[in-house]
Amino acid sequence: MFTRCTLSLALAAGLASGAASAATYEIETHHTYPSLEMSHMGISVWRGKFNRSSGTVTYDRKAKTGTVDIKTETASIDFGHDEMNKHSVAEDWLNAAQFPTLDYKGKLVFKGKGDAPAEVDGQLTMRGVTKPLKLKINSFKCIDHPFYKKEVCGADAEGQLDRADYGMTQYTDNGMGKILIRIQVEAIKQSD
């Protein structure tokens, strides 16, 4: 009995100390721009970005764990083309009036040596539909930021989805619904 109780307390203490070492980072909105690339009738590539995102990342170097929780304002999409911007937030596409945010939640995945995550295993909710979306992290780095006087971590990540899976089925034949997602993100460590 004593051994079980001691083991349980040791496990609980270990979990608590692991949780306490995870730091929280707030997304820096002026340096975070999810973007997308998609085929335009197979003859060119449309590129757009979302101008407003917010959220948090937790990151524990020692335990090699972390989470991502990001909200992106649907109406902030910008293709650099007014008519495309209007069309993309309309009811048959992103439907920004009914679904004002894209929500992405996931867990950081670590592979091999080092303390940098390699992937995010997450789920994207768009137009009220939630589907798995794995992001490959191409680069990840943390620095002591000279302006903020705090640690700032940044990453570049990418993944792929099919917009037909989220109810945007117009013009999706022959792979035309495939969208490449690219995300540049910076996040500022919050006070311990």
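We number each residue from 1, following the sequence as shown. None of these values were measured; they are calculated from a predicted model.
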When rounded to the nearest 0.5 angstrom, what is the spacing between [atom1] in [X] and [atom2] in [Y]?
| X | Y | atom1 | atom2 | result |
| --- | --- | --- | --- | --- |
| Phe50 | Thr32 | CZ | OG1 | 14.0 Å |
| Ser88 | Leu94 | OG | CG | 5.5 Å |
| Leu124 | Ile181 | CG | CD1 | 7.5 Å |
| His40 | Met84 | NE2 | CE | 7.0 Å |
| Ser76 | Leu102 | OG | CG | 8.0 Å |
| Lys150 | Asp144 | NZ | CG | 12.5 Å |

Fill in: Working for side chain to side chain contact (heavy atoms under 4.5 Å, CB included), residues Ile27 and Ile70
CA-CA 8 Å; Ile27 296 301; Ile70 309 293; 3.5 Å; yes
Worksheet item: Step by step, would you call Asp92 with Gln170 a side chain to side chain contact (heavy atoms under 4.5 Å, CB included)?
Response: CA-CA 8 Å; Asp92 63 340; Gln170 189 178 29; 3.1 Å; yes
Show the nearest heavy-atom pair for residues [X] and [Y], with the distance to one decimal.
| X | Y | value |
| --- | --- | --- |
| Gly159 | Leu180 | O-CD1, 3.3 Å |
| Phe79 | Arg47 | CD2-O, 3.4 Å |
| Pro34 | Thr72 | CG-OG1, 3.9 Å |
| Phe110 | Lys64 | CD1-O, 3.1 Å |
| Ser21 | Asp60 | OG-OD2, 2.6 Å |

Discussion item. Applying side chain to side chain donor-acceptor pair (under 3.5 Å), can you list everything that pairs with Thr67, at least two apart in sequence or on another chain?
Written reply: Thr58
Discussion item. My understanding is that only residues two or more places apart in sequence, or in another chain, count here; which of them pass side chain to side chain donor-acceptor pair (under 3.5 Å) with Asp103?
Written reply: Lys71, Thr101
Under 4.5 Å between any side-chain heavy atoms of [X] and [Y], yes or no?
| X | Y | answer |
| --- | --- | --- |
| Arg163 | Lys178 | no |
| Val57 | Glu26 | no |
| Tyr104 | Thr125 | no |
| Ile183 | Leu135 | yes |
| Val129 | Asp165 | no |
| Gln123 | Lys131 | no |

Practice prompt. May I have all residue pairs that pass disulfide (SG to SG under 2.5 Å) and include part of residues 75-121, sequence neighbours excluded?
Written response: none
Discussion item. Please list all pairs meeting disulfide (SG to SG under 2.5 Å) that have one or both residues in residues 90-146, counting only residues at least two apart or in different chains.
Written reply: Cys142-Cys153
Worksheet item: Are the charged groups of Glu158 and Lys136 less than 4.0 angstrom apart, N to O?
Response: no
Should side-chain heavy atoms under 4.5 Å link Ile, Leu, Val, Met, Phe, Trp and Tyr, which residues sit in the same cluster as [X]?
| X | answer |
| --- | --- |
| Tyr148 | Phe147, Val152, Ile188 |
| Tyr33 | none |
| Val45 | none |

Discussion item. When you measure from the side chain of Arg127 to the backbone of Tyr166, do you find a donor-acceptor pair of N or O atoms at a distance under 3.5 Å?
Written reply: yes
Practice prompt. Among Val109, Asp156, Val120, find the residue that satisfies the side-chain contact (heavy atoms from CB on, under 4.5 Å) test when tested with Ile137.
Written response: Val120
Discussion item. Does atom NZ (Lys134) have a neighbourhood of more than 12 heavy atoms from anything else shown, all under 6.0 Å?
Written reply: no
Fill in: Non-neighbouring partners of Lys105 that pass salt bridge (charged side-chain N to carboxylate O under 4.0 Å, His left out), sequence neighbours left out
Asp69
Worksheet item: Who are the salt bridge (charged side-chain N to carboxylate O under 4.0 Å, His left out) partners of Lys86, not counting sequence neighbours?
Response: Glu83
Fill in: Residues which pass ring pair (Phe, Tyr, Trp, His ring centres under 6.0 Å) with His31, listed by chain and number, not counting sequence neighbours
none
Worksheet item: With sequence neighbours excluded, what pairs up with Phe140 under the ring pair (Phe, Tyr, Trp, His ring centres under 6.0 Å) test?
Response: Tyr59
Worksheet entry | same_hphob_cluster(Phe99, Ile77) at 4.5 Å side-chain heavy-atom cutoff | no
Practice prompt. Scan for side-chain hydrogen bond (donor to acceptor under 3.5 Å, both in side chains) pairs involving residues 112-121, sequence neighbours excluded, and state none if there are none.
Written response: Lys111-Glu119
Practice prompt. Classify the side-chain pair Glu151/Tyr25 by whether it contains a donor and acceptor separated by less than 3.5 Å.
Written response: yes
